[in-house]
Q: 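One structure coming up, written as structure tokens, with questions to follow.
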Amino acid sequence: MDAGMNTSSHLKAARCPLQENFLPRKNSKENLDRFIPNRSAMDFDYAHYALTEGRNVKDQETAVSSPSREAYRKQLAETMNLNRTRILAFRNKPQAPAELLPTDHSASLHQQQPKSVKPRRHIPQTSERTLDAPDIVDDFYLNLLDWGSANVLAIALGHTVYLWDASSGSTSELVTVDEEKGPVTSISWAPDGRHVALGLNNSEVQLWDSASNRQLRTLKGGHQSRVGSLAWNNHILTTGGMDGQIVNNDVRIRSHVVETYRGHTQEICGLKWSGSGQQLASGGNDNVVHIWDRSVASSNSTTQWLHRLEEHTSAVKALAWCPFQANLLATSGGGGDRTIKFWNTHTGACLNSVDTGSQVCSLLWSKNERELLSSHGFTQNQLTLWKYPSMVKMAELNGHTSRVLYMAQSPDGCTVASAAGDETLRFWNVFGVPETAKKPAPKAAHEPFSHVNRIR
């Protein structure tokens, strides 16, 4: 990757959050200094009459007037349009003067204070960085990209695994597996961000220490064919194979196989544990999603699934547990399905189904907002950002020229890395800044007499 993944960083100029506000431009025909009479709207003859003879006639009529004569005069004035009182006519009414200092300052401040409206987040439409990813396997059923908690990205390119440190931008090679064992078919970081698991084409799973570049152990016997899916749950490493089996491996003990889930009839292409670690979602090439519950797991016999979801019409690879709502799972199907479905895993009910119009390869929830990101294949090979639960499109991110097979999210939840069959790895600043970075941490309130030892 040192030679292959040359950093051709395309940095996009950041949009300034503080823009100068300009007043809207007025019509050039409007004069804001003075008001000029509109002579086309004035009757000079009547104006002369009203200034001279009209007032004298009105005074005489007022002296000797009767009710009938007064009624006749009003009717005549209305008919002859003699009720006008203005001499000059203007095109526009004068504007009301601005009240610079309100009379009641305290009341006006409370009334004029606008409600706090969250500004609309700017979503960059282009990737902020692009790295070369030669020899990446263009296979929908594999999982070759993961971003660990130590801010190191791991990617499998053919038989070699590379590590890219997002903090320093440095690249290193972890391992190149033997030809008879490879290529690497899946990769997943352990929760500690130091140890990484590699699924291989020959059904083995290797555990590596990224700090020392040392292989710790090899897990054998769980599968009969390639391992395309991996998912960690503390010390349990769950593996999914082309044989349709799902195996829970306790990496701490010699006899690592502790549970086996059987329910799929074809290759496992997606595995995800829920945030609580109690439920496992699995997707297969048999178009089925299974929900497994650890509380009913048994090592003595094959564990029965909690729910079997058969609404998809194509292989289900993309799985994503919602971080802000328990028991909410998003799943997506391949080119023959094209939908994103939302499930209540407590009841097994399908809450919503959205047709995206193209193959869905991966799903990621935002850690900071109620948003969902999907990566797609033919025809646009785009990343689509959705607002949940309305599922309104917020943005479409283009740049890849082949289907976007893999996505991974940075530990802070802001940046997403995507890898595609076009042999590029792109980084997108799509999810914005987390709330903890926006707001300063509140100062700890000092408790009175905190320096005095307490007596229990």
Q: Identify, with sequence neighbours excluded, every residue that meets side-chain contact (heavy atoms from CB on, under 4.5 Å) alongside Gln224.
A: Asp243
Q: Would you say His256's side chain and Lys220's backbone share a donor-acceptor pair under 3.5 angstrom?
A: yes
Q: Validate the cation-pi geometry between Lys367 and Phe431: distance from NZ or CZ to the six-membered ring centre under 6.0 Å, angle to the ring axis within 45°.
A: no
Q: Would you confirm whether Gln266, through its side chain, and Gly244, through its main-chain N or O, come within 3.5 Å as a donor-acceptor pair?
A: no
Q: Using distance alone, with no hydrogens and no angle criterion, decide if Ser410 and Asp412 have a side-chain donor and acceptor under 3.5 Å apart.
A: yes
Q: Below 4.0 angstrom, N of the basic side chain to O of the carboxylate: do Lys181 and Glu179 qualify?
A: no
Q: Determine yes or no for a side-chain-to-main-chain donor-acceptor pair under 3.5 angstrom, with Asp337 supplying the side chain and Thr313 the backbone.
A: yes
Q: Apply side chain to side chain contact (heavy atoms under 4.5 Å, CB included) to Leu145 and Leu153, showing your working.
A: CA-CA 7 Å; Leu145 183 69; Leu153 188 81; 3.9 Å; yes
Q: Is a donor on one side and an acceptor on the other found under 3.5 Å between the side chain of Gln125 and the backbone of Ile123?
A: yes
Q: Hey, are Glu267 and Lys317 close enough for a salt bridge, meaning a charged N less than 4.0 Å from a carboxylate O?
A: no
Q: Give me the atom names and distance for the closest heavy-atom approach of Val404 to Asn381.
A: CG2-O, 3.4 Å
Q: Name the orientation class of the two ring planes belonging to Phe427 and Trp147 (parallel below 30°, tilted from 30 to 60°, perpendicular beyond 60°).
A: perpendicular
Q: Donor-acceptor pair, distance only, cut-off 3.5 Å: does the side chain of Arg426 make one with the backbone of Gly399?
A: yes
Q: Can you name the residues that form a ring-ring contact (aromatic ring centres under 6.0 Å, His included) with Trp232, not counting sequence neighbours?
A: none
Q: Can a side-chain donor-acceptor contact be found between Asn151 and Ser167 if the only test is distance below 3.5 angstrom?
A: yes
Q: Without swapping roles, check the side chain of Thr185 against the backbone of Val227 for a donor-acceptor pair under 3.5 Å.
A: yes
Q: Report, one line per pair, each donor and acceptor closer than 3.5 Å where one atom sits in a side chain of residues 346-355; sequence neighbours left out.
A:
unit_1, atom_1, unit_2, atom_2, d
Thr347, OG1, Ala349, N, 3.3
Ser353, OG, Lys341, NZ, 2.9
Asp355, OD1, Gly357, N, 3.0

Q: Would you tell me whether His307 and His290 have side-chain atoms, one donor and one acceptor, within less than 3.5 Å of each other?
A: no
Q: Supply the atom-to-atom distance Tyr406 OH to Phe140 CZ, rounded to the nearest 0.5 angstrom.
A: 10.0 Å
Q: Among pairs that include at least one residue of residues 136-145, which meet salt bridge (charged side-chain N to carboxylate O under 4.0 Å, His left out), considering only residues two or more places apart or in two chains?
A: Asp138-Arg403, Asp139-Arg226
Q: Please report the C-alpha distance between Gln380 and Asn398 in whole Å, then the side-chain angles of each, then the deciding distance to 0.1 Å, and finally whether the side chain to side chain contact (heavy atoms under 4.5 Å, CB included) criterion is met.
A: CA-CA 8 Å; Gln380 296 185 16; Asn398 297 285; 4.2 Å; yes
Q: Would you confirm whether Thr331, through its side chain, and Leu319, through its main-chain N or O, come within 3.5 Å as a donor-acceptor pair?
A: no
Q: Specify whether Tyr261 and Trp292 have parallel, tilted or perpendicular ring planes, treating 30° as the upper limit for parallel and 60° as the lower limit for perpendicular.
A: parallel
Q: Assess the side chains of His195 and Ser210: does a donor N or O sit below 3.5 Å from an acceptor N or O?
A: no
Q: Is there a donor-acceptor pair closer than 3.5 Å between any side-chain N or O of Asp422 and the backbone N or O of Thr401?
A: yes
Q: Is it the case that the side chain of Asp209 and the backbone of Arg214 share a donor-acceptor pair, with hydrogens and angles ignored and the cut-off at 3.5 Å?
A: no
Q: Taking atom types as modelled, is there a side-chain donor on Ser358 or His376 under 3.5 Å from an acceptor on the other?
A: yes
Q: Could you list the residues that satisfy side-chain contact (heavy atoms from CB on, under 4.5 Å) with Arg252, not counting sequence neighbours?
A: His235, Asp250
Q: Ser188 side chain to Ala197 main-chain N or O, any donor-acceptor pair under 3.5 Å?
A: no
Q: Supply the atom-to-atom distance Ser332 OG to Gln359 CD, rounded to the nearest 0.5 angstrom.
A: 10.5 Å
Q: Any luck finding a side-chain donor-acceptor pair between Thr345 and Gln279 under 3.5 Å?
A: yes
Q: Among Leu364, Val430, Leu397, which residue satisfies the side chain to side chain contact (heavy atoms under 4.5 Å, CB included) criterion with Leu383?
A: Leu397
Q: Test: salt bridge (charged side-chain N to carboxylate O under 4.0 Å, His left out). Region: residues 380-393. Which pairs qualify, not counting sequence neighbours?
A: Lys393-Glu396
